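Worksheet: the structure to be examined is printed underneath.
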Amino acid sequence: AQKAAIEKAKAAKIPIVFVEYESGTKENYGSTFAELTSAASGYRNVRIIKKTTQSVFDKKNKHLGQFKQFLKSDNIGKLLIMGANGGYCI
């Protein structure tokens with residue numbers, strides 16, 4: 001389902017964001033699955049946003065400002081959020 005969503009986002013020219021833990025954090029779960037990054041390969045509107053807390057939206061996440069700026073600069077008002085583990089992915 002995630003790969004299909006990536007394909008639809010590419011076809012509709014919608015930005016794709018992969019959220020990953022910053023290396024060195026307590027909960028370092030590694031990079032996004034290669035199948036997903038491969039599905040987005042070659043697409044120019046892909047970003048990787050790092051996080052230092054369980055939620056990218058957490059005020060304690062030191063990359064929250066970067067994430068908010070990305071949303072604002074690309075005029076993004078709606079998000080489709082997917083992940084393998086809801087408690088840790090987003």
Side-chain angles (χ1 to χ4, degrees):
Q2 291 178 25
K3 285 172 51 177
I6 288 169
E7 293 303 323
K8 288 183 180 189
K10 289 177 3 183
K13 297 183 173 34
I14 295 172
I16 297 170
V17 178
F18 294 109
V19 177
E20 300 178 349
Y21 275 101
E22 180 176 82
S23 59
T25 58
K26 181 176 102 175
E27 294 140 331
N28 185 4
Y29 291 97
S31 301
T32 301
F33 291 129
E35 283 183 67
L36 300 177
T37 55
S38 180
S41 180
Y43 184 58
R44 292 180 182 240
N45 205 355
V46 176
R47 305 269 194 315
I48 295 177
I49 301 289
K50 296 295 183 179
K51 65 179 183 172
T52 55
T53 57
Q54 284 188 359
S55 171
V56 71
F57 301 103
D58 190 322
K59 291 179 183 178
K60 294 178 184 175
N61 172 24
K62 73 178 191 178
H63 301 287
L64 178 60
Q66 176 191 14
F67 182 59
K68 284 182 173 181
Q69 182 58 38
F70 162 71
L71 296 175
K72 184 177 179 180
S73 68
D74 279 23
N75 199 29
I76 297 171
K78 294 180 183 179
L79 301 171
L80 170 62
I81 299 174
M82 297 186 298
N85 184 328
Y88 292 100
C89 289
I90 300 297

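Note that the structure is predicted; figures quoted are calculated from it, not measured.
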Any donor-acceptor pair under 3.5 Å linking the side chain of T32 with the backbone of T37? no
Under 3.5 Å, side-chain donor or acceptor atoms of residues 5-17 against the rest of the protein: list the pairs with distances, not counting sequence neighbours.
residue, atom, partner, partner atom, Å
E7, OE2, K10, NZ, 3.4
K10, NZ, A39, O, 2.6

For residues 74-82, which side-chain N or O atoms pair as donor and acceptor with protein atoms under 3.5 Å away, sequence neighbours left out?
none

Student check: side-chain heavy atoms of N61 and V56 closer than 4.5 Å: yes
Nearest-0.5 Å distance, CD of residue E20 to NE2 of residue H63: 11.0 Å
Atom of T52, atom of K62 and distance for their closest heavy-atom approach: OG1-N, 3.0 Å
Grab the two heavy atoms, one from Y21 and one from Q54, that are nearest each other, plus how far apart they are. OH-CA, 3.2 Å
For K51 and T53, which heavy atoms make the closest approach, and how far apart are they? CD-O, 3.2 Å
Least distance between heavy atoms, K59 atom then L64 atom: CA-CD2, 3.8 Å
Interatomic distance, K68 atom NZ to I49 atom CD1 [nearest 0.5 angstrom]: 13.5 Å
Interatomic distance, K72 atom NZ to Q69 atom CD [nearest 0.5 angstrom]: 6.0 Å
